[in-house]
2 protein chains.
Amino acid sequence: MANIYDIETYEPSESIGYLMTRVKVEMLAALDRELAADAHLSALGVTSAQFVVMVRLVGTADRKSASDLCKDLSYDAGAMTRMIDRLEKKGLVRRMRCVKDRRLIYLEATEAGRAAYPRMLEISVAVQNRFLRGMEPQDARRLRDYLARMLHNAG
Amino acid sequence: MANIYDIETYEPSESIGYLMTRVKVEMLAALDRELAADAHLSALGVTSAQFVVMVRLVGTADRKSASDLCKDLSYDAGAMTRMIDRLEKKGLVRRMRCVKDRRLIYLEATEAGRAAYPRMLEISVAVQNRFLRGMEPQDARRLRDYLARMLHNAG
DNA sequence: CTACAATATCAGCCTAGGCAGATATATGTT
DNA sequence: AACATATATCTGCCTAGGCTGATATTGTAG
């Protein structure tokens, strides 16, 4: 299996790792700016990281525990505890101890959380569309497949 | 110009933003692990973030100031000051006040920095090749072009 | 030349993630 | 049942980035 890069010809500024890191920074920064600027959401002070957690709770079907979220998001467990503290304090999320396995804490979006969600999602979709400007749907599918493969290769 | 995503059909888990954020986390985590595990580099305690700065100093031709690096890397200026403090403390980088514009501080890799660089680069290339496993060179070029376009769209 | 704006670096404060260790619960083994 | 092992959450500590304001220097308008 052929390697993509070799040391002799490797161009850091054009490498996929470099570009991806920068795009990620810029995209989350844009999301943070626009979440903070929104008339309704600014009161909640929702950050991009908090939004990403809300997506997993509201935007996906199955019930999630804190550790599920850590796996879903490549996120540290200690950091997740405090993340949920913040979301709970803002009234967006509820903790519910699982009765079958009392180690688990299931998480649930509150009414307020579900109410705020559509606007957050709208902003996130708009930001992504802006970054994908000029691409055909076929390009976006390819890009998505490349990223999915890389995530798979991460093991 | 058509939007890629619309709210009704948007699937968070398959979105490019979500996937990219996760791939970036996994890739830098892998780089950190392997930099820390390397026999020669572990003594220096070089992190992925520090490596990225070294790339800009050793791996590119032109002389760089701290603020150049901030622009190159979408990095905060205050954080960059401390980043350079750490690299200087490890003996990998030198500060040199510019005589023409005394606000500027040019940065230069030391002998030790240049000596350690090839091995860092080797590890970085290996990590990226692992994440790109199974892709044809044509796919990697496409992926790179997509990312470059997104970075351009960031403005 | 002076006043004012722009730029580069730096220092202080705050926030937040990673890691190690503690506790509680569950699972598997003997 | 007793014990060890694994898992989930939480807490304390450390590191590091973002933001704000301070200082020094440069560029610019009058």
Side-chain angles (χ1 to χ4, degrees), chain A residues 21-22 24-33 35-37 42 44-53 63-90 93-108, chain B residues 21-22 24-37 44-53 63-90 93-108:
Chain A
T21 300
R22 289 208 55 201
K24 182 262 180 185
V25 169
E26 295 292 338
M27 197 154 46
L28 288 188
L31 183 53
D32 271 319
R33 272 196 309 273
L35 286 171
S42 61
L44 291 171
V46 183
T47 66
S48 59
Q50 290 165 21
F51 162 70
V52 170
V53 170
R63 210 161 42 162
K64 296 280 189 183
S65 69
S67 73
D68 289 335
L69 291 183
C70 291
K71 284 171 207 144
D72 288 355
L73 302 173
S74 312
Y75 206 81
D76 177 76
M80 183 58 76
T81 293
R82 294 182 292 259
M83 167 72 78
I84 296 164
D85 289 344
R86 290 189 289 273
L87 288 171
E88 208 174 28
K89 198 165 186 176
K90 289 175 184 173
V93 155
R94 229 191 326 267
R95 279 176 162 99
M96 292 187 318
R97 181 71 67 175
C98 172
V99 286
K100 294 202 171 180
D101 183 342
R102 294 188 44 74
R103 293 170 302 180
L104 290 175
I105 290 192
Y106 281 124
L107 300 171
E108 199 179 58
Chain B
T21 300
R22 288 208 55 201
K24 181 261 184 187
V25 168
E26 294 292 338
M27 198 154 46
L28 287 188
L31 183 53
D32 271 319
R33 273 196 308 275
E34 301 187 21
L35 286 171
L44 292 171
V46 183
T47 67
S48 59
Q50 290 166 20
F51 162 70
V52 169
V53 171
R63 209 160 41 162
K64 296 280 187 183
S65 70
S67 75
D68 290 335
L69 291 183
C70 291
K71 284 171 210 143
D72 288 354
L73 302 173
S74 312
Y75 206 82
D76 177 76
M80 182 57 77
T81 294
R82 296 183 292 261
M83 166 72 79
I84 295 164
D85 289 343
R86 290 190 288 274
L87 288 171
E88 207 173 29
K89 199 166 184 176
K90 289 175 185 173
V93 155
R94 229 192 326 267
R95 279 175 162 97
M96 292 187 316
R97 181 70 67 174
C98 173
V99 287
K100 294 203 171 177
D101 184 342
R102 294 189 44 75
R103 292 171 302 180
L104 291 176
I105 290 193
Y106 281 124
L107 301 171
E108 197 179 60

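- Considering only residues two or more places apart in sequence or on other chains, A:Arg102 meets the side-chain contact (heavy atoms from CB on, under 4.5 Å) condition with A:Arg97.
- For the side-chain contact (heavy atoms from CB on, under 4.5 Å) test, residues two or more places apart in sequence or in another chain that qualify with B:Leu104 are B:Ser65, B:Cys98, B:Asp101, B:Tyr106.
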Subject >> B/S/- contact track for nucleotides 17-23 of chain D, protein heavy atom under 4.0 Å >> reply: BBB----
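- Residues meeting the side chain to side chain donor-acceptor pair (under 3.5 Å) test with B:Lys64, sequence neighbours left out: B:Asp72.
- Here B:Val93 pairs with B:Met54, B:Leu57, B:Ile84, B:Leu87, B:Leu107 under the side-chain contact (heavy atoms from CB on, under 4.5 Å) rule; sequence neighbours left out.
- The side chain to side chain donor-acceptor pair (under 3.5 Å) analysis of residues 75-85 of chain A, with sequence neighbours excluded, yields the pairs A:Asp85-A:Arg95.
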Original post:
With Watson-Crick and G-U wobble geometry limited to distances under 3.5 Å, how should the secondary structure of DNA chain D be encoded in dot-bracket form, using | for bases paired to another strand and [ ] for crossing pairs?
Top reply: ||||||||||||||||||||||||||||||
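- Take B:Lys24 and apply the side chain to side chain donor-acceptor pair (under 3.5 Å) test, not counting sequence neighbours, and it matches no residue.
- Listed by chain and residue number, B:Glu108 satisfy the side chain to side chain donor-acceptor pair (under 3.5 Å) test with B:Arg94 (two or more places apart in sequence, or in another chain).
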Contact list (N/O, under 3.5 angstrom) for nucleotides 1-4 of chain D vs protein:
none

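- Every residue meeting the side-chain contact (heavy atoms from CB on, under 4.5 Å) condition with A:Arg22, not counting sequence neighbours, appears here in chain and number order: A:Tyr18, A:Glu26, B:Ser74, B:Leu151.
- For the side chain to side chain donor-acceptor pair (under 3.5 Å) test, no residue two or more places apart in sequence or in another chain qualifies with A:Thr47.
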